Enquirer: 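Got a structure here, written out as structure tokens. Questions coming.
In this text the structure is predicted, and so the values were computed from the model without any measurement. Naming convention: chains lettered A, B, ... in sequence-line order (proteins, then strands); numbering from 1 in each chain. Just so it is clear, the values below take in all heavy atoms, side chains as well, and ignore hydrogens, waters and symmetry mates.
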2 protein chains.
Amino acid sequence: MEEKRYRLVQNFLKLQIQKGNFVVGSYLPSENELCTMFGVTRTTVRKGLDELTREGFIDRQHGKGSIVRDRRKSLGLLNVKGFSEAVGKDLSTVFVQHPKISLWNPDTHFAISEQEFKEKCIHFSRLRCVYEVPVMIEYNWFADNRLEGFSDIDFIEGSFFKTLSQHYHIEITGSEHELRSERVSNDIAALLKIPQGSPILHISVKFHTSKNNFFLYSELYCTTENYPIGSSYHL
Amino acid sequence: MEEKRYRLVQNFLKLQIQKGNFVVGSYLPSENELCTMFGVTRTTVRKGLDELTREGFIDRQHGKGSIVRDRRKSLGLLNVKGFSEAVGKDLSTVFVQHPKISLWNPDTHFAISEQEFKEKCIHFSRLRCVYEVPVMIEYNWFADNRLEGFSDIDFIEGSFFKTLSQHYHIEITGSEHELRSERVSNDIAALLKIPQGSPILHISVKFHTSKNNFFLYSELYCTTENYPIGSSYHL
DNA sequence: TATTTTTACTTGTACGTACAAGATTAAATA
DNA sequence: TATTTAATCTTGTACGTACAAGTAAAAATA
């Protein structure tokens with residue numbers, strides 16, 4: 001049961017991207033260079049690059065090369081709209097609860113597997129602000145004993161996903177969402193500094209990852225009055 | 001400037017699927033059969049099939065063949081949750097406004113191009129019900145003179161997308177969403193039979209299509225109390 | 001010098017071949 | 001007859017070759 005050759009190319013390049021050895025915007029070695037590096041033909045190298053393209057890691061440019069993408073932008077994830085993509089300084093994040101061992105969310109909307117329920121759980125929650133004004137609170141749960149020494153690690157550029165990728169080489173492979181419009185609870189109204197009973201967007205998310213049976217569960221509460229939540233999907 | 005050969009294979013098969021000559025769940029001709037049909041090698045046929053897979057039209061099954069998928073399920077479109085996928089009889093749809101020439105939506109959230117604005121616009125709106133109880137109202141706009149004789153055609157199985165695909169061979173290639181939680185307006189509250197001022201999920205959508213510069217604009221208002229809106233995305 | 005042409009590099013398309021591996025049916029065997 | 005084996009489909013991987021087409025820099029030309 002040998003590994004397929006195009007997987008070797010694919011996984012090698014993926015790891016280099018995850019570790020930051022190939023940064024976003026830079027070009028990968030040319031197909032011919034990869035051929036000699038791995039001792040395979042262009043057919044095989046191209047198959048590996050095709051897979052990386054499908055996974056959103058790279059873009060191919062005819063006549064130029066394969067360029068490393070910001071994968072988050074290719075995933076169709078939710079984002080706060082009305083905000084320039086580039087600047088992160090206007091969007092600040094405050095930990096309401098730092099990562100710690102906790103109980104599983106009792107009223108999660110996505111079914112947690114028995115296996116997960118037996119394990120301990122890490123929970124953290126964060127308040128997302130735009131110009132110091134809270135716009136979203138985010139509660140996150142995931143199975144412990146899957147990420148070694150997680151709580152000690154500072155988030156890379158404040159991004160949970162980036163930390164998962166660069167430290168653990170775990171990528172988001174898909175997600176399920178449930179959208180609800182509700183009256184805000186008093187607790188959350190206080191945190192978000194909005195009037196009690198205001199309408200609020202409640203999003204339940206189950207993220208699927210490249211690590212087997214490892215999922216991330218989130219409950220998001222968003223005040224969408226000034227900054228709606230955006231998402232996009234393209235073939 | 002000849003068309004690429006793998007595109008011939010791809011587009012031929014796509015058209016057959018769109019026209020219903022290959023129904024969902026059936027198998028396409030084998031790769032070798034396609035080779036003789038088009039007088040090309042397997043490399044070329046496989047490239048065409050790869051593209052169809054990427055577009056969500058087929059699934060490949062090792063040792064068996066390529067099976068036709070229900071593309072809507074592969075698109076990550078929004079759907080009413082808590083509902084078995086198969087049965088459509090519990091979900092009824094009522095036209096509030098049949099398709100007719102109309103003005104463009106004055107307060108759309110997505111910018112309409114000048115080109116579109118010059119053209120006339122077709123508008124229709126529908127009320128979606130679960131067990132006769134309204135759960136969503138949907139307003140749709142798109143440029144006229146792009147779909148010949150649209151208003152006369154009955155929707156195939158009540159589906160706008162299916163009609164676009166089978167009659168016009170136009171497919172959805174992507175979408176942009178904006179999500180808001182609002183207090184319901186009095187008009188919509190009456191239509192949905194909910195109390196005035198209830199929280200409601202407002203979704204603005206811009207669909208991208210395979211037809212150049214042809215977009216679909218929708219505004220959805222959903223009561224999510226009993227049936228949340230679901231969406232999913234997988235690599 | 002400024003422009004055009006050539007050259008060299010890149011990825012894209014397409015050919016052909018061979019064998020591996022999964023799925024299914026037919027034939028051989030217990 | 002029931003089970004096992006073999007044959008024969010299918011798609012998957014991988015080899016090698018050739019040329020088209022896009023890009024960019026070097027060389028030739030005005």
Side-chain angles (χ1 to χ4, degrees), chain A residues 1-14 16-17 21-69 71 74 173 234-235, chain B residues 1-14 16-17 21-69 71 74 173 234-235:
Chain A
M1 165 101 183
E2 293 173 353
E3 193 162 16
K4 289 151 196 166
R5 298 195 190 210
Y6 76 84
R7 293 282 183 204
L8 290 177
V9 180
Q10 175 188 352
N11 290 331
F12 169 80
L13 291 172
K14 189 189 294 183
Q16 298 305 312
I17 294 170
N21 296 348
F22 295 125
V23 298
V24 170
S26 66
Y27 285 92
L28 296 183
S30 77
E31 295 178 358
N32 282 321
E33 285 175 303
L34 291 169
C35 289
T36 54
M37 281 170 65
F38 288 90
V40 297
T41 55
R42 251 186 88 207
T43 315
T44 306
V45 163
R46 281 181 66 79
K47 173 76 174 166
L49 293 173
D50 281 347
E51 291 294 303
L52 288 174
T53 304
R54 196 182 53 80
E55 291 181 302
F57 285 96
I58 61 169
D59 263 343
R60 319 283 292 274
Q61 297 179 349
H62 190 178
K64 295 188 74 175
S66 298
I67 196 167
V68 179
R69 289 181 72 171
R71 191 163 173 279
S74 65
T173 57
H234 289 278
L235 225 77
Chain B
M1 165 104 181
E2 293 174 351
E3 195 163 15
K4 290 152 196 167
R5 299 196 188 205
Y6 76 84
R7 292 281 183 206
L8 290 176
V9 180
Q10 175 189 353
N11 291 331
F12 170 81
L13 292 172
K14 189 189 294 184
Q16 297 306 312
I17 293 170
N21 295 349
F22 295 126
V23 298
V24 171
S26 65
Y27 285 93
L28 296 183
S30 76
E31 296 179 358
N32 282 321
E33 286 175 303
L34 291 168
C35 288
T36 55
M37 281 169 67
F38 287 91
V40 296
T41 55
R42 252 186 88 208
T43 315
T44 306
V45 164
R46 283 181 66 78
K47 173 76 175 167
L49 293 173
D50 280 347
E51 291 294 303
L52 289 173
T53 305
R54 194 182 54 79
E55 291 181 302
F57 285 96
I58 62 170
D59 264 342
R60 319 282 292 274
Q61 297 178 347
H62 190 177
K64 294 187 76 176
S66 298
I67 196 168
V68 179
R69 289 182 74 171
R71 190 163 175 280
S74 65
T173 57
H234 290 278
L235 225 76

Enquirer: Do A:Arg42 and A:Asn32 have side chains that approach each other closer than 4.5 Å (heavy atoms only, starting at C-beta)?
Expert: yes

Enquirer: Produce a footprint string for nucleotides 9-16 of chain C: one letter per nucleotide, 5' end first; B if the base is under 4.0 Å from any protein heavy atom, S if only the sugar-phosphate is, - if neither.
Expert: -BBBBSBB

Enquirer: List the steps, then state whether side-chain contact (heavy atoms from CB on, under 4.5 Å) holds for B:Leu34 with B:Leu13.
Expert: CA-CA 10 Å; B:Leu34 291 168; B:Leu13 292 172; 4.1 Å; yes

Enquirer: Suppose we screen for ring pair (Phe, Tyr, Trp, His ring centres under 6.0 Å). Which residues come up paired with B:Phe38, at least two apart in sequence or across chains?
Expert: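 Counting only residues at least two positions away or on another chain, B:Phe38 forms a ring pair (Phe, Tyr, Trp, His ring centres under 6.0 Å) with B:Phe12.
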
Enquirer: Can you pull the ring-ring contact (aromatic ring centres under 6.0 Å, His included) pairs that have at least one residue in residues 40-66 of chain A, sequence neighbours excluded?
Expert: none

Enquirer: Could you walk me through whether B:Ile17 and B:Arg71 satisfy the side-chain contact (heavy atoms from CB on, under 4.5 Å) test, starting with their C-alpha distance in whole Å, then the side-chain angles of each, then the deciding distance to 0.1 Å, before giving a yes or no?
Expert: CA-CA 10 Å; B:Ile17 293 170; B:Arg71 190 163 175 280; over 6 Å; no

